[in-house]
Amino acid sequence: MDDIRNIVILTGAGISAESGLRTFRASDGLWEDHPVEEVATPEGFRRDPGLVQRFYDARRADVQAAVPNAAHLALGELDMRWKGELLIVTQNIDDLHERGGARRVLHMHGEALSAWCTSCDTRRRWTGTLRDNPPCPACGMAALRPDIVWFGEMPYRMGEIFQAIGRADLFVSIGTSGAVYPAAGFVEEARRTGAHTLELNLEPSLGSRLFDEARLGPASELVPAFVAELLQK
Ligand code: BV8
């Protein structure tokens, strides 16, 4: 990994696993016996808004009770010291990257600590619950939903992500199973535009064969070592 200037890092639930936040695979995609696809979809929200609001109220509380682990802290240090371009594209809805010191973070699937008003389209930080349909502080309508990208919805800031990948010399995927698109397709785009591709994961992901290099192990060990390697260059 020589003459690296611009880096894109994709993270998934695995980077927050050691902070105690359950991954999708570990919970074999179920929540209170509901398939995640059922609660994490606009149809699921229309069918049973209370169930979906409770699902995200629980996630919002879990996120606030969790603390960043060594992997988040290492990426925070990288962000503070890296002189070239760096973009951490996370599929996670927790704020552990930010609390770990990272600034250049893009939440492509939204954020647990944000509420979106479907009436006036404003988004704002939200740390409480939504299950009792509180009024939107901006327009007063009881139209707040989790600011989360559900299955079947377009992920956020895709243009920005593809531009960053187009400029990247290094693309690193950390703690994701490569099960969900378009995130799972980013490594192919990175290869197409000539980046070196590296996977750091507990086990091989569905897209492992697409990476130039794969290191297996827990993020709390692999990520600090990777950052130290980069920064000593
Ligand atoms: C869209 C927010 C189109 C919600 C999430 C058929 C084929 C291909 C695609 C599709 C298809 N049918 C439907 C689709 C599209 C669909 C999709 O990909 N479905 C999958 C199931 C096939 N995608 C979408 O719907 C996306 N939108 O396509 O829009 C469109 C076009 C035009 C106009 C409008 C729309 C939107 C997808 C976003 C859904 N929202 N999250 C919430 O969080 O509640 S997805 C959610 O699951 C995550 O965000 C993540 O993206 C995904 C998978 O999670 P991972 O992060 O990878 O976690 P996972 O548990 O799976 O894996 C953890 C990994 O970590 C494992 O590998 C494990 O080994 C490792 N690990 C564990 N512990 C550690 C560790 N690694 C290191 N250290 C450890 N300690």
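Just so you know, ligand 1 is whichever comes first in the structure, and atom 1 is the first atom listed for that ligand.
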With nothing but distance in play, are any N or O atoms of [X] less than 3.5 Å from an N or O of ligand 1?
X      : value
Ile93  : no
Asn201 : yes
Ala219 : yes
Leu202 : yes
Gly152 : yes

Counting only heavy atoms not in Met158 (residues, nucleotides, ligands), do more than 12 fall under 6.0 Å from its CE?
yes
Quiz question: by atom type and distance under 3.5 Å, do the side chains of Thr11 and Thr90 form a donor-acceptor pair?
yes
I'd like to know if the side chain of Asp147 pairs up with that of Tyr56 as donor and acceptor (distance under 3.5 Å, no hydrogens or angles considered).
no
Nearest-contact summary for [atom] - protein heavy atom, Å:
atom                    : answer
atom 4 (C) of ligand 1  : Ile148 CG2, 3.5 Å
atom 31 (C) of ligand 1 : Met154 CE, 3.7 Å
atom 80 (N) of ligand 1 : Glu18 OE1, 2.9 Å
atom 56 (O) of ligand 1 : Ala13 N, 2.8 Å
atom 38 (C) of ligand 1 : His109 NE2, 3.4 Å
atom 2 (C) of ligand 1  : Val149 O, 3.5 Å
atom 68 (C) of ligand 1 : Glu203 OE2, 3.8 Å
atom 37 (C) of ligand 1 : Val180 CG1, 3.6 Å

Pick, from [options], the option with the minimum heavy-atom distance to [atom].
atom                    : options                : value
atom 65 (O) of ligand 1 : Ser208, Ala179, Gly14  : Gly14
atom 23 (N) of ligand 1 : Trp150, Tyr181, Phe151 : Tyr181
atom 73 (N) of ligand 1 : Gly12, Ala40, Ala17    : Ala17
atom 61 (O) of ligand 1 : Ala71, Ser177, Ala183  : Ser177

Taking the side chain as C-beta and beyond, is there a heavy-atom pair between [X] and [Y] under 4.5 Å?
X      : Y      : value
Leu198 : Asp212 : no
Phe45  : Leu51  : no
Phe211 : Ser173 : yes
Leu96  : Leu21  : yes
Ile7   : Asp169 : no

Qualifying residue for salt bridge (Lys or Arg N to Asp or Glu O under 4.0 Å) with Arg215, from Glu221, Glu199, Glu229, Glu203:
Glu229
Return yes when at least one protein heavy atom is under 4.0 Å from [atom], and no when none is.
atom                    : result
atom 7 (C) of ligand 1  : no
atom 15 (C) of ligand 1 : no
atom 50 (C) of ligand 1 : yes

From the list Val105, Ile9, Leu10, Ile165, side chain to side chain contact (heavy atoms under 4.5 Å, CB included) with Val89 holds only for Leu10
Please determine whether any non-hydrogen atom of Pro218 lies less than 4.0 Å from an atom of ligand 1.
yes
Proximity flag Arg59 to ligand 1, non-hydrogen atoms under 4.0 Å
yes
Shortest non-hydrogen contact from [X] to [Y]?
X      : Y      : answer
Thr127 : Gln64  : O-NE2, 3.0 Å
Pro134 : Leu130 : CD-O, 3.6 Å
Val63  : Ala112 : CG2-CB, 4.2 Å
Ile88  : Ala102 : CD1-CB, 3.8 Å

[X] contact mode with ligand 1 (heavy-atom cut-off under 4.0 Å):
X      : value
Tyr56  : side chain
Gln91  : both
Glu153 : backbone
Thr23  : both

Where the side chain of Asn201 meets the backbone of Thr176, is there a donor-acceptor pair that is under 3.5 Å apart?
yes
Ring-face cation of Arg145 near Trp150 (centre distance under 6.0 Å, axis angle within 45°)
yes
Which of the numbered atoms in ligand 1 are under 4.0 angstrom from any heavy atom belonging to Gly175?
63 (C), 64 (C), 65 (O), 76 (N)
